[in-house]
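Shown next, in structure tokens, is the structure this report addresses.
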2 protein chains.
Amino acid sequence: MSQTSNIQPLIEDLAKREQEQQIACEDCSLYRLCLPLGLHRDDLLLLDEIVMRSGNYQAKQSLFTATEAFSTLFVVRSGSFKTMISTSNGREQVTGFYFPGEFVGLEALHMPSYQSSAVALETSSICALPYQKVQALGEKLPRLQSQLLNRLSKELAGDKNFMLLLGKKTSEEKLATYLLSLSKRFELRGFSAKQFVLTMSRSDIANHLGLAVETISRVFTKFQDDGLIKTEGKVVSLAEIERLQALCG
Amino acid sequence: MSQTSNIQPLIEDLAKREQEQQIACEDCSLYRLCLPLGLHRDDLLLLDEIVMRSGNYQAKQSLFTATEAFSTLFVVRSGSFKTMISTSNGREQVTGFYFPGEFVGLEALHMPSYQSSAVALETSSICALPYQKVQALGEKLPRLQSQLLNRLSKELAGDKNFMLLLGKKTSEEKLATYLLSLSKRFELRGFSAKQFVLTMSRSDIANHLGLAVETISRVFTKFQDDGLIKTEGKVVSLAEIERLQALCG
DNA sequence: CGCGCGTTTGACATGACTCAAATGCTGTGG
DNA sequence: CCACAGCATTTGAGTCATGTCAAACGCGCG
């Protein structure tokens, strides 16, 4: 009993700090997924010092644009983002969706400007890491660099896989693959693998998968008719993960 | 005169060592493009020690396969390679082509096995970097890590751009974009931007661009009929780079 | 409550694919 | 050194998956 009454204020404090985004990396619920993994306690404090826990973003608010000068790496703290790249004549490709613990903007760290733009899909918050400071800290903490390398490599591997989807899969295979990929990512974050919210619009999904909105809509209804999934607006339930898996090509 | 006679043996020695692939990073003609850029002389010697200048590969010979355990990063020394990834049911996507000074296998460095496979397109040679040793050296040489980060980031940026091609471009835009991208890469290596050899087959190109061989063949002939390019088997000449550029979408 | 955007559905068009066959090239063995 | 086999490339004809256009629907926001 006395234990409970001791702990309670601590929990409240934590919740309050988390809400105010003052929480240290060490105590962050994303610790397991985020950059600091593998760093020692002392190193973490150094990392903490350069992390700017930035204010909230509203849906459709821009995190950065393609032409803007690159200076900062972002990690999603809560909510979700999409990134896009566009042709000179204005066609756009959604290059990725980003969830808590994931880095946005890694493809820019070798050049003067972000080449893509990032936009919040819902009310979201991020941690901002001024890249110059990350580099400086990296000189002292090789494990930090290694973590970054891993992150980049992971994203690269994901993108190679995505090329397979874009280049070789049918519309049904594309959507099945996409839904399962989301499912895995949510599961990794401790959410249900079977039911989740699609924070992005159908048209974002369509664009990302190299399809027309109408096609995505049709495949959604087909999957539903076939009993593979259930949709209610933005909420999807995967009813038959195995059969979906078989559909991935 | 005496100078010439002094230098001549040195040049011959260099050529011989280059041929035998014993040449040090410091003296390598790819220095400008490769990993060591930005390292100090002393650091270079350390890097030299872990680089294994591997034997030749013949056309169609495998550098690594998707299931093989990851242990080594490769840098193309001469020739060219393609990488592929495949679906469970055997469809393949060519994920990239690699020329001298470029890294192959970067997407694997966070996981136990190469997820893609790499194959030589012609007689080629590589430098092999055991990744464990790179990591160990990286602890001492932050600039080495930074270089690696840059490489990864550059490849990532290229892949994001390639998503735009796969997802949003027509067959003509795809081929035009592809030819110009090759042109730029060759130019960077000191070769002609206007005329070069396509070491990969039409079917490799088609696969990479998410098209059928027949389509690629037709677009090649169309471009030729339109006076944009000239082809003679594997040799292409870009006759009107500007107009090609305009076609990129 | 109503407007507007996002989504769904239907009808039709088309770019790229598939299948088929001719042509050309390359490497190999006689 | 030539001839042939086998693969790569080109060309043609017809089909199909997905895109486009159009319209109805409905949910969510103001």
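Naming convention: chains lettered A, B, ... in sequence-line order (proteins, then strands); numbering from 1 in each chain.
- With rounding to whole Å, A:K169 atom NZ is found 18 Å from C:dC17 atom P.
- Residue contacts shown for A:K234 are limited to sugar-phosphate atoms, with no base heavy atom under 4.0 Å away.
- Counting any heavy atom pair closer than 4.0 Å across all strands shown, A:S201 reaches sugar-phosphate atoms only and no base atom.
- For A:E214, counting side-chain heavy atoms from C-beta on, the closest listed nucleotide (C:dG10, C:dT7, C:dT18) is C:dG10.
- Contacts of A:S217 with the nucleic acid, taken as non-hydrogen atoms under 4.0 Å apart, include base atoms.
- Taking atom CG of A:D225 as the reference point, atom C1' of C:dT8 lies 12 Å away to the nearest angstrom.
- When rounded to the nearest whole Å, the span between NZ of A:K222 and P of C:dG10 equals 15 Å.
- Summarising the geometry, the separation between NZ on A:K174 and P on D:dT18 is reported as 7 Å, rounded to the nearest angstrom.
- Atom-to-atom, CZ of A:F223 to P of C:dT7 comes out at 17 Å; the value is rounded to the nearest Å.
- One can place CE of B:M200 at 15 Å from C1' of D:dA8, the figure rounded to the nearest angstrom.
- Across all strands shown, B:I216 has no heavy atoms under 4.0 Å from either base or sugar-phosphate atoms.
- As a whole-Å value, the separation of B:R91 CZ from C:dT18 P is 10 Å.
- Salt bridge present: B:E102 and B:R189 bring a charged side-chain N and a carboxylate O closer than 4.0 Å.
- Here D:dG14 presents its C1' atom at 11 Å from CZ of B:R218, a figure rounded to the nearest Å.
- In this structure, of D:dT10, C:dA11, C:dT8, it is D:dT10 that holds the atom nearest to the side chain of B:T221.
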